[in-house]
Every structure is written in C-alpha cells, then in structure tokens.
Number of protein chains: 2
Amino acid sequence: MKDGSNTLVLLERLGRLLHNDAHREDLKPTQWEALRLLSRANRFSRSPGAVTAYLGMTKGTVSQTLAALERKGLIKKVRVPTDRRNLALELTGEGKTLLRKDPLADLEAAARRLPKRQMAHLGDNLQDLLTEALRRRDGRPFGACKTCRYFQPNVDGGRPHRCGLLEEPLSTQDSQLICVEQEPLG
Amino acid sequence: MKDGSNTLVLLERLGRLLHNDAHREDLKPTQWEALRLLSRANRFSRSPGAVTAYLGMTKGTVSQTLAALERKGLIKKVRVPTDRRNLALELTGEGKTLLRKDPLADLEAAARRLPKRQMAHLGDNLQDLLTEALRRRDGRPFGACKTCRYFQPNVDGGRPHRCGLLEEPLSTQDSQLICVEQEPLG
DNA sequence: GCCTTTTAGTATCGAGTCGATACATAAAAA
DNA sequence: TTTTTATGTATCGACTCGATACTAAAAGGC
C-alpha cells in the first residue's frame, strides 16, 4: 500500500482520461455531463442554475453549453409560470436516446473487471473526499432526495411524499432523483 | 456501503472540481498538468511526445499548450543533438517557483482531514482502475523508473543504475522520477 | 547511396470551454 | 415604491481539442 500522497494526481489523471474520452457523438465532454445530470435530477434541479451549481462553472458558461444542447435538439427550455425567471430544462426524446451511448459506459466495462467490493469501496472513499472538497468551496452535494433532512416520506398513507424545505409534494420517482437543495441527514 | 454503480460519476465530478479549481496564477488547468508532469518526469520523458502520451491529447494540442508555457517563461525548449527531431523541455526557475503555488495543494489540505489509511486505500484503488482504463486505450502507466522491468539497479557497485530498454545510465534521481517507457514489473 | 516509411513536432481551422464583465428581467425586501 | 437580490443571457479574449495538412529528421529496405 502506497502512502496516498499522489492520490490526487491519480485522481486528476483518471478524471482527464474520462473527460477526454467523452468526445463522441458530436458532443463535448461538458455537454455529456450536463445531459447526464439532467437525466438524474428531480424537477427542482433541472434548471441552468442547478447545472451551474453541479458543474461548478460560471453561469455564463453553462448558458452557452445549454444553448449548444438545445441547438442540437437534445433538450428544450420551458418557462416556469410560477417564477418567470426560472427555466425548466427537459430532455427530448433524442436526448434520452443519445444518453444510451454515454461514453462513461466504456470505463464502466473496465471497472467491471475489478472486484465488485473494491469498486464499492472506491465509491465510498471518493464520496468522502468529494464531501470534504465541496465543504471547502460551499458546493452542494446533490444527493438523492430520500436521503435529505427535509424529506418527509408519505406521512398520510397513500399521499405523495413531501419536501419540507420547498413545501412541495414529491412523487416517488422525484424522491429517488438527485436534488440541488439536498442536505444529508444527520 | 453503496453498490459502486455511480463510482464513475463521482470520479468525473471530483475530477471536474479539481480541474476547474486550477484556473490560477494566469494558468489554465491543462497548463498546470503539463507543468506538474515535467517536474516529475525523468530525462527520457520531458518531451512533447511524452506529455502527449501522459495527458492523452493529440500532439497538436500539446504543441499549443507547451507554446503557451514557453511564452509565459515557465519552460524552455532545448534541441537534443543526438536526435534533432526531439525537444527536451526544461522547467525554468520561474516554472519551479510557480509550482509551489500548485492549486492541487488545496485539495490536499482537504484530503488531510480524512483518515490517512483511507486516502492510501483510495490511491490503491484508483491505481487499479487507472491501470485497467489505460490498458483499454493502450495508454502508458508512467510509473517510477525503479519499478520498471527494464530497471537495472547499480550492478557494478558504485556505478550508476541503468535502463535496460534505452541502454542508458540512470542517476539515482532519474530513477525515482516517472518515465514514458516504464513497464511495471511482471 | 537512394528511396520510402516512420517518427517528432508545428500550423491552421472551427466548435466549444471558461472566467470576466456587462446586461436584461423578474421577484423579493425595504 | 424604490432598492436589492436572483436568474439567466450576450460578448470578449485566451485557451482547449480533434482533425487535417504540413516540415524535417531518422531509420529501414534495397
């Protein structure tokens, strides 16, 4: 076992490989990441602002990336009536179809050659490091809704779940997706 | 412990954070990476070609990145007399000084808040994943010389070590640096 | 030696990234 | 009703990156 001093160098290098491998299907790596996020985000988190928070870029850049995705017909922007500053981003059919060719799947194949336990371990350790790194930059964890301190599982029997922060009902599906507002339990 | 299915997503996100945090001191993330590699590479590996292999980009892009670093006075290009196609890249004094402000050090501070054993584990697991990923793209590991199958530790007593592949003498310092040609011990 | 092939690196193009800055609206707060 | 804050866009300049075409030097075949 090594001393872990060059762990971050490894991380950066592996991150770069992942990133550079994502020049596919006429999309750029960042565009893939945005698309991927939109497919995993609940309805409070499919906005330019949420993408900005997730990717850690400036909103100007995100605006351009989303404009490119819209030009390519992979997402569409919908005005939200309740707050007209907000935009809701929705994947189109093409967007969903294209996601099946996600270049990340390639490395997944490589990962499958490693012991399952090891990959799970790796995930846990990465999660801890990410949490620590996000704390330092006031970043948001983007965890699943159902692991959030504001999550209220369906209290009244058959009724939908609720988000205690936004005071909104939550479908079971939404509660399994990730959220900008999520704050971990405990 | 999670199932590890989203480990790669974590990896990509953490990689992006690292990358985006590296807009400092009037350098771009990629320029930092190149600079960092040059400070860790032995004399066979301080060339545009080696940087290309390490970063996994095309040589055209690397050529520009190196041109930018040279413009900024951080590296210099030296013609190699033995093979006049080759360029040797050397860090200047400014380059070495600037490296002390490496933005990667920030995350290192974050990492220090995690248990040391855990970081070491993380490093080992990342290394395995990187090895697997590199295998798939015919990438080079860039390991340390002294862990290479061609490394011949000073056979004749006080003489320098040797590289059995390039048939060249190796100073102790060079043997501790990383190398394009490195192939791990079987 | 001559000719072809390979290797190392550069030049240029076009789309995209990214921070910075300035800007437009809309909602919220004073 | 004014500020003030929040959400998103437009534009600029330096850089990234793949693709392609290019130069020059070494290596190999004969």
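Residue numbering restarts at 1 for every chain, and letters A, B, ... go by the order of the sequence lines.
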Rounded to the nearest angstrom, tell me the gap between atom CD1 in A:Ile75 and atom C1' in D:dG8.
13 Å

In whole angstroms, the gap separating P of D:dT7 from CE of A:Met57 amounts to 17 Å

Below 3.5 Å is the cut-off: list the nitrogen or oxygen pairs between protein and nucleotides 1-5 of chain D, distance only.
none

Please list, by residue number, the residues of residues 16-48 of chain A whose heavy atoms come closer than 4.0 Å to an atom of DNA chain C; answer none if no residue qualifies.
A:Lys28, A:Thr30, A:Gln31

Could you list by number each residue of residues 63-74 of chain B showing a heavy-atom separation from DNA chain D of less than 4.0 Å, or answer none if no residue does?
B:Gln64, B:Thr65, B:Arg71, B:Lys72

Which pairs, with at least one residue in residues 84-98 of chain A and sequence neighbours excluded, count as a salt bridge (charged side-chain N to carboxylate O under 4.0 Å, His left out)?
A:Arg46-A:Glu90, A:Asp83-A:Arg85

Only pairs at least two apart or in different chains count here, so list each salt bridge (charged side-chain N to carboxylate O under 4.0 Å, His left out) that has a residue in residues 47-70 of chain A.
A:Glu70-A:Lys77

Members sharing B:Leu177's hydrophobic cluster, built from side-chain contacts under 4.5 Å between Ile, Leu, Val, Met, Phe, Trp and Tyr, are none

Linking directly or through intermediates, with side-chain heavy atoms under 4.5 Å: list the remaining ILVMFWY members grouped with A:Leu87, chain and number order.
none

Given C:dA26, D:dG18, C:dG9, the nucleotide with the shortest approach to the side chain of B:Lys59
C:dG9

Is any side-chain nitrogen or oxygen of A:Thr61 closer than 4.0 Å to OP1 or OP2 of C:dT17?
no

Within less than 4.0 Å of OP1 or OP2 of D:dG8, is there a side-chain N or O belonging to A:Asn86?
yes

With sequence neighbours left out, write down each residue that passes salt bridge (Lys or Arg N to Asp or Glu O under 4.0 Å) with B:Arg43, or none if nothing qualifies.
B:Glu168, B:Asp174

Name every donor-acceptor pair, under 3.5 Å, that has one atom in a side chain of residues 49-58 of chain A and the other anywhere in the protein, sequence neighbours excluded.
residue: A:Thr52; atom: OG1; partner: A:Pro48; partner atom: O; Å: 2.8
residue: A:Thr58; atom: OG1; partner: A:Thr61; partner atom: OG1; Å: 3.2

On DNA chain C, check which nucleotide each of A:Arg84 and A:Thr58 is closest to and give me the residue with the more 5' one.
A:Thr58

Taking only residues two or more places apart in sequence, or in another chain, which ones meet B:Thr30 in a side chain to side chain donor-acceptor pair (under 3.5 Å)?
A:Arg16

With sequence neighbours left out, write down each residue that passes side chain to side chain contact (heavy atoms under 4.5 Å, CB included) with B:Leu107, or none if nothing qualifies.
A:Leu8, A:Ala133, B:Leu18, B:Ala110

Tell me whether B:Glu183 is salt-bridged to B:Arg140, with the criterion being a basic N under 4.0 Å from an acidic carboxylate O.
no

With sequence neighbours left out, what residues match B:Phe151 under ring-ring contact (aromatic ring centres under 6.0 Å, His included)?
B:His161

Looking only at side chains, do A:Ser45 and A:Asn42 share a donor and an acceptor under 3.5 Å apart?
yes

